[in-house]
Amino acid sequence: MKSKPWSGRFTEDTNQFVEDFTASISFDKRLYRQDIIGSIAHAIMLGEQGVITKAETNKIIKGLQGILKDIESDNFEFLTEFEDIHMNIEKRLIERIGDAGRKLHTARSRNDQVALDIRFYLRDEIQAVYDYAERLQDSLVSLAKTNIDVVMPGYTHLQRAQPVLFSHHMLAYYEMLERDKGRLEDCLKRLNVSPLGAGALAGTTFPINREAVARELGFEGVTKNSIDSVSDRDFSIEFLSASSIIMMHLSRFAEELILWSSSEFDFIELPDSFCTGSSIMPQKKNPDVPELVRGKTGRVYGDLFSLLTTMKGLPLAYNKDMQEDKEPVFDAVDTVKDCLRAFSEMLPGIRLNKERMLKAAGGGFSTATDMADYLVRKGVPFRDAHEIVGKCVRYCIEKGKDLYDLTLKEFQRFSKAFEKDIFDYITVEKSVNSRGVTGGTALKQVKKRIKEIEG
Ligand code: ARG
């Protein structure tokens, strides 16, 4: 019979298909570093607590460090026969150092071990995603600064609404990413406690020191309930929700970049190096990168729903179903990092068609609100002002004119409150710069926010 770490109570070999079906090594090998470092900390603690001897501890540490080196130099064969990363490493350790290796799993179960590994892994990856998000914020601020006073139409319902600064629009994404980073930090806070010591589910009979292991591994503390410790994957779900929200933000940005680079909008040009051509239509330059980012959003939502659904209705504590927790997390980590990176590297190459944006900003009666505000300042109640301007707009549409084409006489047909200075109030620049409220699109406010950001 093949020897497995658990083969004692078995009389038959595992069916070959079942061996492949139940194995997770093909994907959980990604956790090798966390698994080894976790095991070293566990072994040190077992030695300090007198559960194993110091000599055994030292052998285990050396053996594990050797395995780490082997894996990192591609000198390690991961075997499906040993199911997962935990048993692959333990098996090899025993081969390398003999009996001392057989003691490593004292006071531990794969259930608390895997819970530790994922927390540990996610801790590093959350930091990495956070850093990528921050790099994208830097790109947004640079793009805003180099185009600080470019005016574009602001939209509601994808209809021109009011003129805004392009820089202000870019900083809207900065703020979203700021909250995205906050969600990651928040997730990290709850995740960063060590489950080791929970054993299979009930705790352990050995006099271990959970706090010492937690400290050694950089965790803020230890989990409070052994059953919860091995059952919980909500930290992964939180990460996946934070990732989904990041992707939702990126996909909105992606959609705008795709629209803006179409000939219908023609506001921006994406860098050639981030686009591809068509195999049949020679004129084409396709915005593949934003399109893929938009598309990959679906994957990350899928990852979230996959894990939520896996966990739904599972009885406590560990169930093998939970082995399905890793691939969605790995997939989301890779996808979110790539998408944030793609955007932060693409933004500096974007060129703006400023004239076209400015022209569009002034079209569609985009300063109608400013006209209404003007009337309010002259004493007209806002609801009446709204009605008056609405009639002006309808008149313009009928005559094929723009608001600034009207003469003072024409204005005054709609309200006696219009005076000569109305013409100063309905320009695009005036419209933008009169929105000087905190968080408004006035140049002064945008500059102020950039100053705050750059602190
Ligand atoms: N490979 C397993 C997983 O990822 C490790 C935990 C296995 N525990 C068990 N009792 N089968 O979930």
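Only this structure's heavy atoms are used, side chains among them; waters, hydrogens and symmetry mates stay out. Not measured: the values here are computed from a predicted model. Whatever order the structure lists them in is the order used to number ligands and atoms, beginning at 1. Along the sequence shown, residues carry numbers from 1.
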Check for a donor-acceptor pair, side chain of [X] on one end and backbone N or O of [Y] on the other, with a separation under 3.5 Å.
{"X": "H42", "Y": "T106", "answer": "yes"}
{"X": "Q137", "Y": "Y174", "answer": "yes"}
{"X": "N88", "Y": "L79", "answer": "yes"}

Element-labelled atoms of ligand 1 that are located less than 4.0 Å from some non-hydrogen atom of [X]:
{"X": "Q323", "value": "1 (N), 2 (C), 3 (C), 4 (O), 12 (O)"}
{"X": "H86", "value": "5 (C)"}
{"X": "S24", "value": "1 (N)"}

- Item | Steps toward salt bridge (charged side-chain N to carboxylate O under 4.0 Å, His left out) verdict (E269, K285) | CA-CA 10 Å; E269 188 176 0; K285 176 174 156 185; 2.9 Å; yes

protein heavy-atom neighbour closest to atom 7 (C) of ligand 1 works out as Y318 OH, 3.5 Å

Requested in this report: Answer yes or no: does an N/O atom from D84 fall short of 3.5 Å to an N/O atom of ligand 1?
Outcome: yes

Heavy-atom proximity to atom 11 (N) of ligand 1 ranks first, among K326, R110, Q113, for R110

Candidates D117, V114, N111; heavy atom nearest atom 8 (N) of ligand 1 found on N111

Residues passing the ring pair (Phe, Tyr, Trp, His ring centres under 6.0 Å) test with F219, sequence neighbours excluded, are none

Taking only Lys NZ, Arg NE, NH1 and NH2, and the carboxylate oxygens of Asp or Glu, determine whether E90 and R110 approach each other closer than 4.0 Å. no

